[in-house]
Undergrad: 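One structure, pasted below without further comment.
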Amino acid sequence: MLLLLTTLVLSAPAVAPADSTRTMNGVTVPVAIEVAGHRLTLNGMALRKKVIFKVYVATLYVATPSHDAAAILAEDAPRRMEMHFIRNVDKGKICDAWNEGLDRNTPNPSAELRQDFVQLCDYMGDIKDGQSFVFTYVPGEGTKVVVAGTDKGTIQGKEFADAILNTWIGPDPGPGDGFKKKILGES
């Protein structure tokens, strides 16, 4: 009997803890990841809508979870923003959104920062349903940009990392205040 119970227990499928992932609009992500030897926690998850269309599910991973955008931006620690697309979007619309977000959320951006956003747009391409953008900031290295699974390069400096994150959590986020609250884990 003991052998039978042991066999049943050992052959039972492993079940992940119920709180190890989060799902939104068919996009499932882990609640924690590792970046550059640091454990990052899912700070928030939000759906980006444009008019009536669902565009992408975004996730923000940080070293120290916070509902305060200024606190997240002030911390010089690894962080990751992901955009999981649930519809096709062309490169031109993506670049327009980056530039609008920069103008609306970064007062008086330097010429170097504007050039970083030109570089970011050069990295972009048309994106398809099911593909992702991933922006991983590591202090001293910069922001690694991955588009549809392809490493496009790294943009140096915390100024860029903060400016790109500000397009979502700044004072006038492109996706709106409801999106900002969710990505900050407020609701």
Side-chain angles (χ1 to χ4, degrees), residues 22 24 27 29-36 38-50 55-85 89 94-110 112-124 127 132-147 151-187:
R22 295 287 182 272
M24 179 181 284
V27 175
V29 298
V31 296
I33 60 173
E34 187 171 313
V35 169
H38 297 271
R39 179 183 167 90
L40 302 184
T41 303
L42 182 65
N43 195 76
M45 190 172 193
L47 175 65
R48 168 63 161 131
K49 291 182 180 176
K50 184 76 172 177
V55 182
Y56 61 83
V57 173
T59 57
L60 174 60
Y61 291 92
V62 295
T64 307
S66 177
H67 301 305
D68 182 3
I72 291 171
L73 292 166
E75 186 173 26
D76 195 14
R79 62 183 178 225
R80 175 178 289 169
M81 186 73 175
E82 300 174 350
M83 301 166 68
H84 303 274
F85 284 82
V89 181
I94 294 165
C95 290
D96 288 347
W98 293 137
N99 290 316
E100 181 180 320
L102 175 65
D103 290 338
R104 289 169 43 181
N105 292 287
T106 303
N108 305 314
S110 68
E112 293 83 11
L113 183 56
R114 286 205 179 277
Q115 187 56 46
D116 289 341
F117 271 68
V118 169
Q119 180 66 57
L120 176 63
C121 283
D122 286 346
Y123 288 163
M124 295 296 110
I127 195 83
S132 301
F133 292 155
V134 179
F135 304 92
T136 306
Y137 170 69
V138 175
E141 293 178 23
T143 302
K144 180 178 176 181
V145 179
V146 176
V147 176
D151 183 354
K152 295 293 189 165
T154 299
I155 300 176
Q156 300 300 310
K158 188 167 185 302
E159 182 184 27
F160 172 78
D162 289 350
I164 194 68
L165 188 55
N166 246 347
T167 66
W168 293 289
I169 67 171
D172 190 10
D177 287 328
F179 178 97
K180 176 181 174 177
K181 285 180 181 178
K182 287 185 187 220
I183 210 73
L184 290 174
E186 291 182 28
S187 55

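Being a predicted model, the structure only gives us computed values, none of them experimental.
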Undergrad: For Arg80, run the side chain to side chain donor-acceptor pair (under 3.5 Å) check against Asn43, Thr143, Thr136 and tell me which one passes.
TA: Thr136
Undergrad: Would you indicate whether Lys180, at its atom NZ, is surrounded by more than 12 heavy atoms from other residues, nucleotides or ligands within a distance under 6.0 Å?
TA: yes
Undergrad: To the nearest 0.5 Å, what is the distance between NE2 (His84) and CE (Met45)?
TA: 6.5 Å
Undergrad: Restricting to non-hydrogen atoms, name the atom on Tyr61 and the atom on Val29 that form the minimum distance, rounded to 0.1 Å.
TA: OH-CB, 3.4 Å
Undergrad: Is the shortest heavy-atom distance from the side chain of Phe160 to the side chain of Gln119 under 4.5 Å?
TA: no
Undergrad: Do Val145 and Phe135 have side-chain heavy atoms sitting under 4.5 Å apart?
TA: yes
Undergrad: State whether the side chain of Lys158 and the backbone N or O of Leu73 hold a donor-acceptor pair below 3.5 Å, judged by distance alone.
TA: yes
Undergrad: Start with the C-alpha distance between Lys144 and Val138, add both sets of side-chain angles, then the distance that settles side-chain contact (heavy atoms from CB on, under 4.5 Å), and finish with yes or no.
TA: CA-CA 8 Å; Lys144 180 178 176 181; Val138 175; over 6 Å; no
Undergrad: So, for Arg48 and Gly174, which heavy atoms are closest and what is the spacing to 0.1 Å?
TA: NH2-O, 3.8 Å
Undergrad: Provide the closest heavy-atom pair for Pro173 versus Arg104 in the form atom of the first, atom of the second, distance.
TA: O-NH2, 3.5 Å
Undergrad: Measuring from Lys152:NZ to Leu120:CG, what's the distance to the nearest 0.5 Å?
TA: 11.5 Å
Undergrad: Quick check: closest heavy atoms across Pro109 and Leu102, and the distance to 0.1 Å?
TA: CB-CD1, 4.1 Å
Undergrad: Apply side-chain contact (heavy atoms from CB on, under 4.5 Å) to the pair Ile164 and Asp116, showing each step before the final yes or no.
TA: CA-CA 10 Å; Ile164 194 68; Asp116 289 341; over 6 Å; no
Undergrad: Got a second to check how far Ser66's OG is from Glu186's CD, nearest 0.5 Å?
TA: 9.0 Å
Undergrad: Determine whether Tyr137 and Asp76 make a side-chain contact, defined as any pair of heavy atoms from C-beta on separated by less than 4.5 Å.
TA: yes
Undergrad: Nearest heavy-atom pair of Leu47 and Met24: which atoms, and what distance?
TA: N-SD, 3.6 Å
Undergrad: Does a side-chain heavy-atom distance below 4.5 Å link Pro30 with Leu42?
TA: no
Undergrad: Taking atom OH of Tyr56 and atom NZ of Lys50, what is their separation to the nearest 0.5 Å?
TA: 10.0 Å
Undergrad: Set out, in order, the CA-CA distance, both residues' side-chain angles and the distance that settles side-chain contact (heavy atoms from CB on, under 4.5 Å) for Glu75 and Thr64, then state yes or no.
TA: CA-CA 8 Å; Glu75 186 173 26; Thr64 307; 3.0 Å; yes
Undergrad: Supply the atom-to-atom distance Arg22 CZ to Thr59 OG1, rounded to the nearest 0.5 angstrom.
TA: 12.5 Å
Undergrad: What class does the angle between the rings of Phe85 and Phe133 fall in, given that below 30° is parallel, 30 to 60° is tilted and above 60° is perpendicular?
TA: perpendicular
Undergrad: When you measure from the side chain of Asn105 to the backbone of Asp172, do you find a donor-acceptor pair of N or O atoms at a distance under 3.5 Å?
TA: yes
Undergrad: Determine whether Asp162 and Thr106 make a side-chain contact, defined as any pair of heavy atoms from C-beta on separated by less than 4.5 Å.
TA: no
Undergrad: Can you check whether Ile183 reaches Met81 side chain to side chain, under 4.5 Å on heavy atoms?
TA: yes
Undergrad: What heavy-atom pair brings Pro78 and Pro139 nearest, and what distance separates the two atoms?
TA: N-CD, 3.7 Å
Undergrad: Would you give the length of the straight line joining atom CG of Asp103 to atom OG1 of Thr167, rounded to the nearest 0.5 angstrom?
TA: 11.5 Å
Undergrad: Got Ser132 and Glu82 here, is their nearest side-chain heavy-atom distance under 4.5 Å?
TA: no
